[in-house]
Q: 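Structure provided below as structure tokens; questions to follow.
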There are 2 protein chains.
Amino acid sequence: MNIGDVSRLSGLPSKTIRYYEEIGLVAPLRSDNGYRAFRDSDLHKLAFLGRARSLGFSIEDCRNLLTLYDDTTRASADVKTIARQHLTRIDQKLAELTALHDTLTHLIDACAGDHRPDCPILADLATVPDTKPGHSPLVR
Amino acid sequence: MNIGDVSRLSGLPSKTIRYYEEIGLVAPLRSDNGYRAFRDSDLHKLAFLGRARSLGFSIEDCRNLLTLYDDTTRASADVKTIARQHLTRIDQKLAELTALHDTLTHLIDACAGDHRPDCPILADLATVPDTKPGHSPLVR
DNA sequence: ATAAAGCCTCCCGCGACTGGAAGGTCAAGG
DNA sequence: CCTTGACCTTCCAGTCGCGGGAGGCTTTAT
């Protein structure tokens, strides 16, 4: 299979597949003409990567997952650990976004949204942070 | 005020402040020695930027918000529009992350997580996407 | 006088690709 | 046989929002 074929079958752009080879996630063979020659196993790995990435796993997660995928004697606990760590990160992000959602909703509700210049949103944005000696910027 | 002073007062790293100058969000004066000389108005803008960024507004949003901030005759409706668009994006992201959360939770629940190699998580990841002619990769 | 801190510019790097240029290869049609 | 066009190759640059660090000023404190 050439790269175009696996691209169509896996749903990944050719560019991405070349990138994955570059960083060592797949290692297709080479034909005499220099073209990449993908085996079925390569296709499966790429499909695996596409799915894992779409679930938000980082490249490093994917690297670890692929190793486990290749190792038929792996313990499912190892996979579960990676997945749970990822889930924790997702939940963290969810909490942050929920907080943002709430803050913004409050501000938007407080704003008349008419032709007058008076605006609680800008007023909030303009508040200078109370100086914090422990240098933790952007945290409020 | 030198950059260190505004950094402390605004909570933004000096590097970030220099970057904001580079992309035209602030325009401090210069002293004879070449040091940036920040006015109070610059400090307020930077604090504004820090707060807006911490609320997840994009740099381009910030640029627009700053313009409105400078314009004392602005209509609050314009600000509200930007904020609402941002809120929409946040809600979208929230929905995506929630979907990811649900999928991952299902997979994790289905996985025994013991020493055996059998793993539903890997099994799911390994499924090759059903070929889709409309080239929309990564969407499932 | 000297050391330390603060400031300057410039360049490289990150993550995970994406786009484009310049060129080799292959199958089909005239 | 030649051309066209699709496909493949490598390499380089850019993305976003900074952070790290080098190398070299100026200012401040001892």
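Proteins get letters first, then strands, A, B, ... in listed order; numbering begins at 1 in each.
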Q: Looking at every non-hydrogen atom in both residues, tell me the closest pair between A:Cys119 and A:Cys111 and how far apart they are.
A: SG-SG, 3.9 Å

Q: Answer yes or no: does atom CZ of A:Arg116 have more than 12 heavy-atom neighbours from other residues, nucleotides or ligands under 6.0 Å?
A: no

Q: Write down the distance between CD1 (A:Ile3) and P (C:dG24), rounded to a whole number of angstrom.
A: 20 Å

Q: Measure CG/A:Asp5 against P/D:dA6 and give the value in whole Å, please.
A: 16 Å

Q: Rounded to whole angstrom units, what separation is found between the CZ atom of A:Arg53 and the P atom of C:dG15?
A: 11 Å

Q: A:Arg63 side chain N/O closer than 4.0 Å to the phosphate oxygens (OP1, OP2) of C:dG15?
A: no

Q: Are OP1 or OP2 of D:dT10 and a side-chain N or O of A:Arg36 less than 4.0 angstrom apart?
A: yes

Q: I'd like to know if the side chain of A:Thr88 and the backbone of A:Arg84 have a donor-acceptor N/O pair within less than 3.5 Å.
A: yes

Q: C:dC8 P sits how many Å from B:Asp32 CG, rounded?
A: 14 Å

Q: Find the distance A:Arg8:CZ to D:dA6:P and express it as a whole number of Å.
A: 13 Å

Q: Without decimals, in angstroms, what is the distance between A:Arg30 CZ and D:dC8 C1'?
A: 10 Å

Q: To the closest 0.5 Å, what do you measure between OG (B:Ser10) and CG (B:Leu43)?
A: 6.5 Å

Q: Sequence neighbours excluded, which residues qualify as ring pair (Phe, Tyr, Trp, His ring centres under 6.0 Å) partners of B:Phe38?
A: none

Q: If I take atom CG in residue B:Leu25 and atom P in nucleotide D:dC18, what distance separates them, rounded to the nearest angstrom?
A: 10 Å

Q: Contact between A:Tyr69 and A:Leu66 at the side-chain level, heavy atoms closer than 4.5 Å - yes or no?
A: yes

Q: Could you tell me the separation between the CD1 atom of B:Ile108 and the OG1 atom of A:Thr81, rounded to the nearest 0.5 Å?
A: 9.5 Å

Q: From the options D:dC18, C:dC7, C:dA16, select the nucleotide whose nearest atom is closest to the side chain of B:Asn2.
A: C:dC7

Q: Within residues 14-24 of chain A, which residues have any heavy atom lying less than 4.0 Å from an atom of DNA chain C?
A: A:Lys15, A:Thr16, A:Tyr19, A:Tyr20

Q: When the distance from CE of A:Met1 to P of C:dC26 is rounded to whole Å, what number comes out?
A: 19 Å

Q: So which protein N/O to nucleotides 23-30 of chain D N/O distances come out below 3.5 Å?
A:
residue: D:dT27; atom: OP1; partner: B:Asn33; partner atom: ND2; Å: 3.4

Q: Distance from A:Ile23 atom CD1 to A:Glu60 atom CD, nearest 0.5 Å?
A: 7.5 Å

Q: Please check if atom CG in B:Asp118 has more than 12 non-hydrogen atoms from other residues, nucleotides or ligands closer than 6.0 Å.
A: no

